[in-house]
Amino acid sequence: MESFSFYNPTRVLFGKGQIGKIGKELKKADIKSCLMIAGGGSIRKNGVYDQVCESLKANKIEWIESWGVQPNPTVEKVREMIALAKESSVDAILAVGGGSVIDSGKATAAGIFLNDIWNAYVDKEKIIRALPIFTILTISGTGSEMNGNSVLTLSSEKKKWSISSKLLYPKVSIIDPSIQATLSFQQTVNGAIDAISHILEYIFMNETAVVTRNIDAGLIKTIVKMTDRLQQDANDYTARANLAWSATLALNGISGVGLQGGDWACHSIEHALSAIDPKIAHGEGLGVIFPAWIEYVSEREPNRFSWWVKEVSEEDSVARALRKCRETLKRWGSATNLRELGIRESQLPEIRDLLLTYGPIGEIVRFRAEDIEALLMLAY
Ligand code: NZQ
Ligand code: ZN
């Protein structure tokens, strides 16, 4: 097993009725005022916003609000939120939403101490401080509620890049799976595919982290089964809860212990797709890229995939395991090729060129221009 360092300081409050505890958690942390960050309004419809406001009032926490974070969030919007946070001298950030809202919250928390937040994403400035971050998660998938990552897009250059810092772990995250019943099935699936992909980025790295890979096999199988159940019944709480916690575990450090930090080629490639077209959901993009990546890389290194074929897919060849994977995506109504994502063949060179500006891509196979082209053609 590879040597590793494991760190996770986020406290999670999980289950029905936990959202009402947010005010008390802020008060315990000596927070007097916060900036509440939200997306396009789903939290108004499903009652989450009202629960949060009530709890803040009951605990005498003052707050201001910033709405309108879009899926695949932009640095331009974050700059606005940083200005607001500075102007009102808040003590903390409260992100209420999905990965996009939480990532924007993290960037705001760090950005008020920097010349410009984008500098941190391009390694020109180091994150030195951040306001304490609290989150209420409303869609499971990214794991952002329990990790130190944030992904933003600089729209003007179509660069969707990430940062990772121990200062960006939320202090407290509340996960009430029951509020995810208002997600469309497609959004539920996007989260499920994202969580599975986080595990897949790790598990092909080596064979010696036996315990981690067995946990990971259990997580993937649970996510698939729970998503199938939610396709039948969006209000199946057991399925929501197990899917939610699996997704958190898929990117909070546990799923990657001893797996050398993972490969992450598929994430880089997907980030270029959703940077070029922000209407592409991160999870759906991964559902197209990951099978193509396995197909491409397994031709060079078939043995690397044997464990996944047998223990995760319960099949006897990579080809059969991939067929099963694509059938699952189809059953869930998710895209299985770039055309279904709305990408045109004429855009492939643009995606390749953009990716070449993203820095080194992949560990197992380091993707050069010709590998990217071949992979995109396979995915097309
Ligand atoms: O904006 P609102 O109105 O809230 O609607 C959202 C949004 O349209 C909606 N939604 C969320 N909760 C809902 C709901 N609708 C009904 N009921 C609810 N309970 O869902 C839509 C998608 O939300 P978003 O936050 O964009 O989804 P997700 O959590 O998948 O986040 C995706 C972003 O996170 C990044 C992705 O690249 C993408 O930008 N990632 C972040 C990571 C991290 N921080 O560790 C890792 C990931 O690999 C990923 O890159
Ligand atoms: Zn992801």
Side-chain angles (χ1 to χ4, degrees), residues 10 19 36-49 51 66-75 77-78 95-107 121 133 135-153 155 159-165 168-170 173 175-202 234 240 244 247-248 250-253 255-256 262 264-275 277-287 289-290:
T10 301
I19 294 174
M36 186 199 295
I37 293 178
S42 70
I43 62 167
R44 282 194 202 275
K45 290 188 204 135
N46 59 17
V48 172
Y49 175 70
Q51 289 185 60
S66 179
W67 291 77
V69 172
Q70 66 177 62
N72 297 312
T74 65
V75 66
K77 176 73 186 170
V78 166
V96 187
S100 298
V101 168
I102 297 176
D103 286 4
S104 302
K106 289 172 174 177
Y121 289 75
I133 300 153
T135 84
I136 311 262
L137 182 71
T138 64
I139 170 173
S140 289
T142 65
S144 189
E145 68 280 10
M146 204 179 177
N147 68 39
N149 309 334
S150 165
V151 188
L152 286 185
T153 302
S155 312
K159 286 195 169 140
K160 185 175 180 183
W161 286 15
S162 60
I163 44 171
S164 200
S165 163
L168 297 183
Y169 281 82
S173 281
I175 307 171
D176 175 348
S178 69
I179 59 162
Q180 298 194 27
T182 53
L183 285 168
S184 67
F185 182 64
Q186 238 38 66
Q187 280 162 340
T188 302
V189 166
N190 294 341
I193 300 171
D194 190 19
I196 291 172
S197 302
H198 296 152
I199 298 167
L200 294 178
E201 295 283 12
Y202 286 118
R240 280 279 168 216
T248 302
L251 198 57
N252 76 343
S255 68
W264 300 102
C266 293
H267 265 71
S268 298
I269 297 166
E270 192 300 306
H271 285 165
L273 298 183
S274 46
D277 181 358
K279 287 192 295 306
I280 296 175
H282 173 61
E284 190 166 30
L286 286 167
I289 297 301
F290 233 117

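Every number for a ligand or one of its atoms is a count from 1 in the order of the listing.
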Under-2.8 Å protein N/O/S neighbours of the Zn ion (ligand 2), ordered by chain then residue number: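 Metal shell, protein only: D194 OD1, H198 NE2, H267 NE2, H282 NE2.
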
Pair T248-E145, side-chain donor/acceptor within less than 3.5 Å: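 Yes, a side-chain donor-acceptor pair sits under 3.5 Å.
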
Per-ligand residue contacts, ligand 1, heavy-atom threshold under 4.0 Å: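 For ligand 1, the contacting residues are G39, G40, G41, S42, N46, P71, N72, P73, G98, G99, S100, D103, T138, I139, T142, S144, N147, N149, V151, K160, I179, T182, L183, Q187, D194, H198, L251, H267, H271, H282.
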
Flag side-chain contact, heavy atom, 4.5 Å: D194 against T142: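 D194 vs T142: side chains touch.
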
Beyond-backbone contact of E284 with I193, side-chain heavy atoms, under 4.5 angstrom: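 Sidechains of I193 and E284: no contact.
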
Those residues that, when tested against A244, pass side chain to side chain contact (heavy atoms under 4.5 Å, CB included) (two or more places apart):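 In terms of side chain to side chain contact (heavy atoms under 4.5 Å, CB included), with neighbours along the sequence ignored, A244 is linked to F14, S140, I175, P177, Q180.
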
Which pair of non-hydrogen atoms, one from [X] and one from [Y], has the smallest distance, and what is that distance?
X    : Y    : result
K106 : N149 : NZ-O, 2.8 Å
I280 : S274 : O-CB, 3.5 Å
E201 : A265 : OE1-N, 3.6 Å

Which pairs of donor and acceptor atoms, one on a side chain in residues 36-45, lie under 3.5 Å apart (sequence neighbours left out)?
none

Point-to-point distance, once rounded to the nearest 0.5 Å, from CG of D176 to CZ of R240: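 It is 11.5 Å, given to the nearest 0.5 Å.
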
